Amino acid sequence: MDAITYERAADVADAVRAVQQPGAVFIGGGTNLLDLMKGGVERPVRLIDITHIGGLDGFTTLPDGGIRIGALVRNSDAANHALVREQYPLLSQAFLSGASAQLRNMATVGGNLLQRTRCAYFYDTAFSQCNKRVLGSGCAALEGHNRMHAILGASPQCVAVNPSDMSVALAALDAVVRVSGPAGERSIPFAEFHRLPGDRPDVDTTLRPGELITAIDLPPPLFSAHSHYLKVRDRASYAFSLVSVAAALQMDGERVQTARIALGGIAHKPWRASAAEQMLNGQPLTQTALNNAAAAALRDARPLAGNRFKVQLAQRAIVRAVNQAAGRTGGVA
Ligand code: SF4
């Protein structure tokens with residue numbers, strides 16, 4: 001076993017300084033990092049414990065009416081906080097559909113943003129081909145078991161998907177990720193936080209070296225009356241999504257004022273269905289309009305041998321989620 005040193009960061013500046021040492025990584029809840037270390041996928045030599053930093057574990061109401069969720073808030077606390085439940089029910093539903101109760105009690109919001117793909121070839125070092133683990137080694141999933149993998153935005157280098165439920169809701173809500181690093185603080189619009197694989201599938205996010213996530217900002221709550229998070233998975237609990245949909249609407253009677261639709265389980269990052277949103281904005285929410293929008297969302301899908309079913313599944317999930325967000329019970333196109 002490799003020797004590992006442990007440091008407890010006193011504050012954000014201390015953490016940012018400490019993580020610049022060779023082989024150092026932050027550890028928060030540890031629910032993903034420890035798995036990766038046990039499997040030999042990650043081999044840090046210094047763990048910088050950020051869980052004792054003050055001021056990162058609370059909720060703050062922002063001047064514009066939004067809320068700031070500290071990066072160290074546990075997933076279960078975020079899911080059950082009154083402000084989140086009442087004003088951002090989409091996000092609360094997404095939190096509660098992720099992992100298990102035990103893991104949600106331990107995992108932090110900041111760590112959830114950084115959890116790595118659950119591609120089995122990535123986690124099993126017995127497989128030599130994985131560009132995300134060893135750049136240039138190939139991708140075993142391309143010709144292997146790829147039922148859970150991407151149908152949008154993938155590259156020949158990697159067809160993995162992002163596993164986070166929380167992030168799908170945050171994409172629909174246009175959240176902002178706040179970070180602090182060697183060059184100071186900055187804010188990253190959610191759409192720019194996670195990356196598509198391209199030719200660097202080993203890089204999941206646009207975080208710069210040494211940057212620490214300090215909070216997630218939610219814009220003012222525009223969708224609390226009409227939203228729904230739908231997760232389609234192989235079993236009812238403790239399973240990653242085959243397809244998930246975060247649907248948020250502003251309605252004027254039967255007409256859609258604004259639609260937000262984000263998809264999970266189908267790409268390397270939470271996937272905003274922008275074409276579908278534009279087709280619904282300003283239009284009456286008819287079944288035909290919704291079916292057409294769902295088809296447009298998957299127009300560019302490139303399924304693999306094992307996951308062709310995801311295209312129709314995603315279309316039907318969009319229809320069901322948007323209908324439920326609008327307060328209708330109808331679902332399947
Ligand atoms: Fe590795 Fe990505 Fe291929 Fe999975 S899909 S084997 S993570 S390169």
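For ligands, and for the atoms within them, numbers begin at 1 and follow the listed sequence. Source: prediction; values computed, not measured.
C158 SG, 2.4 Å is the protein heavy atom nearest to atom 2 (Fe) of ligand 1. When hydrogens are left out, the protein atom nearest atom 1 (Fe) of ligand 1 is C130 SG, 2.3 Å; that is the closest non-hydrogen contact. The protein heavy atom nearest to atom 4 (Fe) of ligand 1 is C119 SG, 2.3 Å. The protein non-hydrogen atom at the shortest distance from atom 3 (Fe) of ligand 1 is C139 SG, 2.3 Å. Protein heavy atom nearest atom 6 (S) of ligand 1, with residue, atom name and distance: Y121 CB, 3.5 Å.
Close approach to F122 involves these atoms of ligand 1, each under 4.0 Å from a residue heavy atom: 7 (S).
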Where do W271 and L196 land on the side-chain contact (heavy atoms from CB on, under 4.5 Å) test, with the steps shown first? CA-CA 10 Å; W271 189 267; L196 291 177; 4.0 Å; yes
Using the rule given for salt bridge (charged side-chain N to carboxylate O under 4.0 Å, His left out), can you reason through R133 versus E42, listing the C-alpha separation, both sets of side-chain angles and the distance that settles it, and then say yes or no? CA-CA 9 Å; R133 189 160 28 80; E42 301 241 10; over 6 Å; no
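Using a non-hydrogen distance threshold of 4.0 Å, Q157 registers as a contact of ligand 1.
Remark: D14 does not engage R8 in a salt bridge, criterion side-chain N to carboxylate O under 4.0 Å. A salt bridge links D217 to R68: one of the charged nitrogens lies within less than 4.0 Å of a carboxylate oxygen.
The only option from D204, D202, D199 that meets the salt bridge (charged side-chain N to carboxylate O under 4.0 Å, His left out) definition with K132 turns out to be D204.
Side chains of Y229 and S244: a donor on one and an acceptor on the other come within 3.5 Å.
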